[in-house]
Amino acid sequence: MAKVTLIFKLPYYTQWGQSIIIAGSAPALGSWNVKQGLPLSPVHEGNALVWRGQVLVPAVFTCEYSYHVVDDHKNVLRWESGEKKKLVVPEGVKDGDVVEVRDWWQDASEALFLRSAFKNVIFSATDNAKRQLQPSSLNKSLDPEDIVVQFIISCPRLAAGSTVVVTGSNPAIGNWKEQNGLKLNYVGDSIWKAYCVLRKSEFPVKYKYCQVSEAGVFSLEFGPNREVDVDLSSPKPSRHILLSDGSLREAPWRGAGVAVPMFSIRSNEDLGVGEFPDLKLLVDWAVNSGFHLVQLLPINDTSVNKMWWDSYPYSSLSVFALHPLYLRVQALSDAIPADVKEEISKAKKELDKKDVDYEAALATKLRIAQKMFNLEKDKVLNSAPFKQFLSENEEWLKPYAAFCFLRDFFETSDHSQWGRFSQFSKEKLDKLVAADALHHDIIRFHYYVQYHLFTQLSEAAAYARKNKVILKGDLPIGVDRNSVDTWVYPTLFRMNTATGAPPDYFAKSGQNWGFPTYNWEEMSKDNYGWWRARLTQLSKFFTAYRIDHILGFFRIWELPDHAATGLCGKFRPSIPLSQEELLGDGIWDFDRMSRPYIRQDMLEEKFGSLWTVVAANFLHEYQKHCYEFKEECNTEKKIVTKLNTSPEKSLWLEKEDSIRRGLFDLLQNIVLIRDPEDSTKYYPRFNLEDTSSFRDLDEHSKNVLRRLYHDYYFVRQENLWRQNALKTLPVLLNCSDMLACGEDLGLIPACVHPVMLELGLIGLRIQRMPSEPGLEFDIPSKYSYMTVCAPSCHDCSTLRAWWEGDEGTRSRFYKTVIGSDKEAPSRCTPEVVNFILQQHFDAPSMWAIFPLQDLLALKDKYTARPAAEETINDPTNPRHYWRFRLHVPLESILEDKDIQASIKNLVTSSGRSFPGKKTDKA
């Protein structure tokens, strides 16, 4: 059998102790086992460090492969992004020939344009599929002086009807005349190839790739000339050189989008809340305004409490089920009876309120859906589309329906209260959903609602794709502790904990979201199957998604489940302060530092004349003037319960809020948090210097604790958190081809942004939350490309509310950012809005995504409502009612051609891409 030598050459800089291995599908490359792959050796070629390796393979040889950076023990530290590379040994090679692969490292930013958001939407795959595959082959006999060069380039952004040529310093490729360049052939997957035979004496050759439009316009790629040379001093020089040149070098692609919660949309057809079919109207508006993207908040069912608390979209009852709130009942059937139509018409008027009435809207929709189910259940549930839906979704749908039945039967979502059903099993589930069960119609009703939700959202998603608009979803960081997921997969969650965030811009006392933290060790046992299933489901509707609180994949702020606030937590995972370490630094009084530090003078100062009442009810004096909490109120949740239920309640009724805050302050007056699972480990309490417990310590202890605090929060964890993220995030990114963006706001560890860049994750930048220390306002013109920039988001006030909220802030912004010496207008005028929006449109960020409220503020007619009422969420209030609605229907906004023209002008003047732009057509 004829054999050839494959030589791989890869320019790539590594750090000391690192090397590179090729792993591939062929046995010669380890059959994807990196430890058995082909190791490369570094060689300096000019100023470049080139990794080189060779292997003997059959003359007829194809495989897939990728490069991996490894440590001295061949543990993988980094790998290429995107699709696996494909290698085909050229036809006509002879036994003993040398084939040289001159490669490139495919980084994450290059691979982004192969994600579905670009490949299937903006640069539509349906258009790409129309390109005829053109086999690239060599039809020429070679003499000893010939060298065959194969040019290979990836062009995922190539316009429809366009082709690619290569031109350069040799007559065979046009002598730098584009019209005489060598035409490349399309071979699929955005790859273009062509062979060229050159004489040994003609090297080196400089060259560039060039796009040729359907109209015959030539566009040479950006950047310096590329060059190919051969080493003629080698005893056996390469006869074939494969120039795997990466991607065509073009100007950075930049797009824009609009963000609005599903519930906030208002239309002429809805029943008091946005509905999935309304997304078609939003897509139309986006296209008219020049936007390529529509971003939503989570749309999963949150019906845990069956009241308005469930308006919080990040507290999922099921990470798979869609929310019945977004159902359009008029679309349930083509044969809705007259009395039901009348009921819908009446409900439409009753629910047409300023804000969402969550409970009334949901109850109305379920009531009408139940009537239609009773009329058409057999017809719908026996249809082929429904049977296919059930077959493809039963793994999550059946447990969801059973959970909803049990929730309503036991009148609680707390599955620990469900008796023998509190422990999930496949056998119990089969009985609950069995066709002969008395309650089977209740189960089937939940199937019916989910089927229609799935259908309505799928139609809206298809409409968005057809119009080259990306639909961007949201992946919440947590699930409700009383959810289908914690019932079915209890070992995946640490149910004695809660998730939150330490104090930051959003909440000065931290946040407690109440979700259990994840048991990552258990999740890893099936390669994070639960996460992979979530992303697979999300990708049925969306081509991009936002990873909520991406910091949680590096480390999560973990709180005990008895906490009501978010202040006294610890990071998980993290390296704690050991008792031995503390003793070595002269810290020995662990009891003093880890129990609430309460003295009589503090009680008098906090509670005034009521201090004796508070002390008698909540505290115990263990020595003179020194107090501790009684057992029945020694946690935040116990304090809340006692304040609400104590027979002495009348004594503090009018001051309950201030007393609760005061008691919480006392309970949080510690400097060290003892690990509940290992009493020899401690964690420094966040902002410990703010406590009187810290202030009353001796100077030596203060200095030691300051140093250890900084080390714990900003130094010792970095490598651990990096490794943790690199275990989990690649699984999410690789299980779908959606474009991923990470919400990376808050207290950002140093390892976060490098890891996000490495993985191709797009970060978020909000101007009023600068990532650079010492800045009050970020500078959009200095944002990096791999970001989404926005003037506000759902977790903070809108642009108008922010501007009109604080005179000092807007005055400083007006002077330092807008550059005016005049007095800042107290009202956020359209001129101010235009300036701030233009800053963001002009930013280098890949995406500029704007809350719809901020865009509508360009026109006075949309600002009649008080600005504060447009805010979606208040992160400081765990019981915030998420209910903002647009005050005009989308149909009216669609008719307003002026505002659409104003926004599109901002898009086009900034050079951002927009639907219909010629360079977008694929």
Side-chain angles (χ1 to χ4, degrees), residues 262 269-278 299-304 306 310 317-318 320-348 350-351 358-411 413 429-460 484:
M262 191 69 243
E269 296 301 315
D270 72 53
L271 266 63
V273 66
E275 297 166 352
F276 289 144
D278 293 329
I299 52 174
N300 296 110
D301 192 354
T302 58
S303 307
V304 175
K306 302 201 77 175
D310 298 334
L317 176 84
S318 163
F320 300 101
L322 298 171
H323 206 310
L325 188 68
Y326 306 129
L327 181 70
R328 173 151 295 167
V329 293
Q330 301 96 309
L332 291 176
S333 172
D334 293 330
I336 298 177
D339 60 326
V340 177
K341 285 183 178 178
E342 180 62 31
E343 185 177 355
I344 292 170
S345 179
K346 183 180 177 185
K348 196 185 292 187
E350 291 174 350
L351 294 168
Y358 179 90
E359 294 172 24
L362 182 58
T364 299
K365 293 188 177 201
L366 290 175
R367 184 180 70 246
I368 294 169
Q370 183 71 62
K371 290 181 179 179
M372 292 309 303
F373 170 77
N374 293 340
L375 290 169
E376 297 197 331
K377 58 188 174 187
D378 292 332
K379 174 187 171 184
V380 173
L381 302 186
N382 287 317
S383 67
F386 174 80
K387 288 179 179 178
Q388 182 180 350
F389 166 76
L390 181 61
S391 171
E392 293 174 355
N393 295 276
E394 61 183 346
E395 190 168 338
W396 65 263
L397 184 59
K398 288 182 176 180
Y400 165 77
F403 186 98
C404 292
F405 165 70
L406 292 169
R407 172 200 62 195
D408 298 345
F409 181 83
F410 288 102
E411 298 183 332
S413 289
L429 176 65
D430 288 343
K431 290 179 181 177
L432 283 166
V433 301
D436 59 354
L438 291 174
H439 59 267
H440 190 53
D441 262 7
I442 298 175
I443 297 292
R444 296 205 300 165
F445 173 67
H446 294 295
Y447 295 170
Y448 171 84
V449 171
Q450 287 299 313
Y451 166 66
H452 280 289
L453 287 164
F454 181 93
T455 301
Q456 292 179 14
L457 181 54
S458 296
E459 288 176 358
V484 183

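Along the sequence shown, residues are numbered consecutively beginning with 1.
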Is [X] reaching over with its side chain to a backbone N or O of [Y], donor-acceptor style, under 3.5 angstrom?
| X | Y | value |
| --- | --- | --- |
| T455 | Y451 | yes |
| E411 | R407 | no |
| D278 | G274 | no |
| E343 | I368 | no |

In the structure I gave you, are the side-chain heavy atoms of [X] and [Y] within less than 4.5 Å of one another anywhere?
| X | Y | value |
| --- | --- | --- |
| Q456 | Y326 | no |
| K365 | V273 | yes |
| S413 | F403 | yes |
| E459 | F276 | no |
| M372 | V340 | yes |
| L390 | L397 | yes |

Minimum heavy-atom separation for [X] to [Y], with atom names?
| X | Y | result |
| --- | --- | --- |
| V449 | A369 | CG2-CB, 4.4 Å |
| S303 | Y358 | OG-OH, 4.0 Å |
| I299 | M262 | CG2-CB, 4.1 Å |
| A361 | L325 | CB-CD1, 4.1 Å |

Under the side-chain hydrogen bond (donor to acceptor under 3.5 Å, both in side chains) rule, collect the residues that match up with [X], sequence neighbours excluded.
| X | answer |
| --- | --- |
| T302 | H323 |
| Q370 | N374 |
| S333 | E376 |
| E359 | none |

How long is the span from the [atom1] atom in [X] to the [atom2] atom in [Y], to the nearest 0.5 Å?
| X | Y | atom1 | atom2 | value |
| --- | --- | --- | --- | --- |
| K371 | L332 | NZ | CG | 13.0 Å |
| L457 | L453 | CG | CG | 8.5 Å |
| K346 | I344 | NZ | CD1 | 13.5 Å |
| L271 | L362 | CG | CG | 11.5 Å |
| F405 | F410 | CZ | CZ | 8.0 Å |
| D441 | K377 | CG | NZ | 3.5 Å |

Y447 meets the ring pair (Phe, Tyr, Trp, His ring centres under 6.0 Å) criterion, sequence neighbours left out, with none
H452: ring pair (Phe, Tyr, Trp, His ring centres under 6.0 Å) partners, not counting sequence neighbours: Y448
Among residues at least two apart in sequence or on other chains, which ones pass salt bridge (charged side-chain N to carboxylate O under 4.0 Å, His left out) with [X]?
| X | value |
| --- | --- |
| K387 | none |
| D430 | K426 |
| E269 | K348 |
| D301 | none |

Step by step, would you call L317 with C404 a side chain to side chain contact (heavy atoms under 4.5 Å, CB included)? CA-CA 9 Å; L317 176 84; C404 292; 4.2 Å; yes
I'd like a table of donor-acceptor pairs (distance under 3.5 Å, sequence neighbours excluded) in which one partner is a side-chain atom from residues 378-385, with atom names and distances.
| unit_1 | atom_1 | unit_2 | atom_2 | d |
| --- | --- | --- | --- | --- |
| N382 | ND2 | D378 | O | 2.9 |
| S383 | OG | V380 | O | 2.6 |
| S383 | OG | F386 | N | 3.4 |

Residues 431-440, side-chain donor-acceptor partners within the protein, below 3.5 Å, at least two apart:
| unit_1 | atom_1 | unit_2 | atom_2 | d |
| --- | --- | --- | --- | --- |
| H439 | NE2 | L432 | O | 2.7 |
| H440 | ND1 | V433 | O | 3.4 |
| H440 | ND1 | A434 | O | 3.1 |

Using the side chain to side chain contact (heavy atoms under 4.5 Å, CB included) rule, take L366 and T364 through it: C-alpha gap first, then chi angles, then the decisive distance, then the call. CA-CA 6 Å; L366 290 175; T364 299; over 6 Å; no
For the residue pair F320 and Y400, is the inter-centroid distance of their aromatic rings smaller than 6.0 Å? no
